[in-house]
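Heads up, the thing below is written out as structure tokens.
Note that the numbering runs from 1 along the sequence shown for the chain. Numbering of ligands and ligand atoms starts at 1, following listing order.
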Amino acid sequence: MSDETTTKTETMEFKAEVKQLLDIVINSLYTDREIFLRELISNAADALEKLRYVRITEKEARDSELPLEITIEVNDKDKTISICDTGIGMTREELVENLGTIAHSGSKAFLRHLSETGQRDVNLIGQFGVGFYSAFMVADRVQLFTRSYQTDSQGYRWVSDGVGNYSIDAEDGLSRGTKIVLELKEEAAEFDSPDTIKRIIKRYSGFVPFPIMLGEEKVNDIQAIWTLNKNEITEEDYTGFYKYIANAFDEPMYRLHFSADAPLSINALLFVPASNYEKYGFGKTEPGVNLYSRKVLIQQHAEGLLPEWLRFLKGVVDSEEIPLNISRETMQDSALMAKLRRVITGRFLKYLGEQARNDQEKYIKFWETFGIFLKEGATSDFQHRNDLAPLLRFESSQSESGKYVSLDEYLDRIIENQNNIYFINGPNRQVIEAGPYLEAFRTRGIEVIYTHEPIDDFVLNNLGEYKGKKLVSADQSELDLPGVEKNEQNQEEKLDSLVIANLTTWLQQLLGDKVSEVRESTRLVDSPAVLINLDSYMTGTMQRVMQMVNKDTASLGRKALEINPRHKLIKGLAELRAKDEDFARLAAEQLYDNALISAGLIDDPRDMVDRMYRIMERAIAQEK
Ligand code: ADP
Ligand code: MG
């Protein structure tokens, strides 16, 4: 026996999060209250899909003669609405688990969002796996009768007024499935009219793949739209289906409908939504594409059907090659799934490439919303890394602020003898452009990609190269830059090489362990000094990440301080050493700290402030 018969009524408490959610749902007035029906119908449809699957994979299910459908009754005398399905039903344990707790990961963040926004966005409820509770927007009491499809199951009645508790007792005489009876609140009386209910069903639930009966009438047309020809489907159909499948209110940003025969037979209909809820702090998005085989739902929100970084996609993949009776666990890591994943991902990336070419402005909107997922793919998915590279966008020294370039556009502008693609990380354009790292590139007219997010450096390092050009961080030691005409460089006379040698040795001694090397710079034009990374794995971002973990500068990789032998300050420093070594030392330490600041690496400026005062004292004294 999976369910023991209990005759007594048992009262139980909702889990704390559920209480909080219900409190918001009950005590607020919503303009979008009608979505409760969409949520309950969507649950009924899910239960029917599950039953359809069970009927194929298991030998028996209770009440097998019952048609798979949803029946809605409106009673304007009692002021009730009931939604009844012949789906999978629930056992007692499932009742407690599914309707008394919140299992989904994003729902806590959703709850926080509701309280922060003054509950405006309650209509997102279905996206966060808590749609059932929307029943309490319109009902002051909800009764739910359910009986599991399992042949030896007992039926139950679940009742709650949404305030703190619910009760469960055994109920005899039920047939398979679930019936939900809503006792309407006084201020929700408008929902006791069949016409209103019909309008709401048509509005939100037109794509439910089971008949929805209102009295004698079937209110929806059932079609597996992804199996139809494109010319049989209207824009409204597509959008309606998207809203149904994604529990969404917005219009999708992109849509890809395709079928393939080889290497696998596939019908797929994929949508990119308008918003990225992960960006708003709703926690990790759960996969949103459902797996079907010949119109039978094999798995909702199928894990492993797409790579994880495509979790923002919504839609349907139908492949008749998926055997119906395979267990979901084995399927997830099967070779067939891997093949499916590769084909669909490849097709989707190709589609994105087309979109990027055809409508750049729209693609940039996509990039700004979902680019972070593509970056995640480029760092984590070896298989698709190279196909993702042309889809990446960055700011650069050649783009206007807030505009983007692609790696291909960069290659179009590459100069003669330029062997690498260069990038530099900084919190924003102003900081990067004020720093010393760009000088060598500016004089040569070489474009540099600006990376602002820490992940950007990891993406580019991970790619390693693009179309035969290495991706190199501009603060590296070995830049391999094409030569530059003398007259384009700083015109100032250079220090004598013996003087330089003495100065670098002195600086090396003075700075000790702080740098591995002090040397003459060939890259600097306007700045006196710059800190260069000698280890090629170490990029600006890496350094800052390491610095957060470990205060020890040695962990930041080997560094060279390069000095500009044409700069007034360096020349002055060489002279000052002979006249006033103490002050020269002060100036040299400050030179090093300034280079650290330009590299974004100063974390305790107290020593420096003190030193600055001493330097200022000297400067002021000299003016007197
Ligand atoms: P979600 O549908 O996103 O899981 P809901 O709050 O709408 O979140 O529903 C919670 C759970 O309750 C469902 O996952 C399902 O297991 C169960 N449930 C709700 N309605 C039904 C129903 N009509 N038949 C069977 N199970 C249901
Ligand atoms: Mg639901």
| side-chain contact (heavy atoms from CB on, under 4.5 Å) partners for Asn229, two or more places apart |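 With sequence neighbours excluded, Asn229 shows a side-chain contact (heavy atoms from CB on, under 4.5 Å) to Asn231, Glu232, given in chain and number order.
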| How about Tyr363 and Asn358: does a side-chain donor come under 3.5 Å of a side-chain acceptor? | no
| task | Give a yes or no on whether a salt bridge exists between Glu321 and Lys339, defined as a side-chain N under 4.0 angstrom from a carboxylate O. | result | no
Could you check ligand 1 for N or O atoms lying under 3.5 Å from protein N or O atoms and list the pairs with distances?
{"residue": "ligand 1", "atom": "2 (O)", "partner": "Asn43", "partner atom": "OD1", "Å": "2.9"}
{"residue": "ligand 1", "atom": "4 (O)", "partner": "His104", "partner atom": "NE2", "Å": "3.4"}
{"residue": "ligand 1", "atom": "6 (O)", "partner": "Gly131", "partner atom": "N", "Å": "3.1"}
{"residue": "ligand 1", "atom": "6 (O)", "partner": "Phe132", "partner atom": "N", "Å": "3.0"}
{"residue": "ligand 1", "atom": "7 (O)", "partner": "Asn43", "partner atom": "OD1", "Å": "2.9"}
{"residue": "ligand 1", "atom": "7 (O)", "partner": "Asn43", "partner atom": "ND2", "Å": "2.8"}
{"residue": "ligand 1", "atom": "7 (O)", "partner": "Phe132", "partner atom": "N", "Å": "3.1"}
{"residue": "ligand 1", "atom": "8 (O)", "partner": "Gly129", "partner atom": "O", "Å": "3.2"}
{"residue": "ligand 1", "atom": "16 (O)", "partner": "Asn98", "partner atom": "ND2", "Å": "3.0"}
{"residue": "ligand 1", "atom": "23 (N)", "partner": "Asp85", "partner atom": "OD2", "Å": "2.9"}
{"residue": "ligand 1", "atom": "24 (N)", "partner": "Thr178", "partner atom": "OG1", "Å": "3.3"}

| Around the Mg ion (ligand 2), how many protein N/O/S atoms fall inside 2.8 Å? |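 Count of protein N, O, S atoms less than 2.8 Å from the Mg ion (ligand 2): 1.
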| query | Does Asn43 reach the main-chain N or O of Leu40 with its side chain, forming a donor-acceptor pair under 3.5 Å? | reply | no
| query | Has the side chain of Thr345 got a donor or acceptor atom that lies under 3.5 Å from a matching backbone atom of Arg342? | reply |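 No, because the side chain of Thr345 does not come within donor-acceptor range (under 3.5 Å) of the backbone of Arg342.
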| said: My understanding is that only residues two or more places apart in sequence, or in another chain, count here; which of them pass ring pair (Phe, Tyr, Trp, His ring centres under 6.0 Å) with His257? | reply: Tyr238
| query | Do Arg347 and Phe258 meet the cation-pi criteria used here (NZ or CZ under 6.0 Å from the six-membered ring centre, within 45° of the axis)? | reply |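 Satisfied, under 6.0 Å and within 45°.
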| query | In this structure, which one of Phe191, Tyr204, Phe132, Tyr133 forms a ring pair (Phe, Tyr, Trp, His ring centres under 6.0 Å) with Phe36? | reply | Phe191
| field | Among Glu97, Gln154, Glu10, the one residue meeting side chain to side chain donor-acceptor pair (under 3.5 Å) with Arg92 | value |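 Going through Glu97, Gln154, Glu10 one by one, the side chain to side chain donor-acceptor pair (under 3.5 Å) with Arg92 is satisfied by Glu10 alone.
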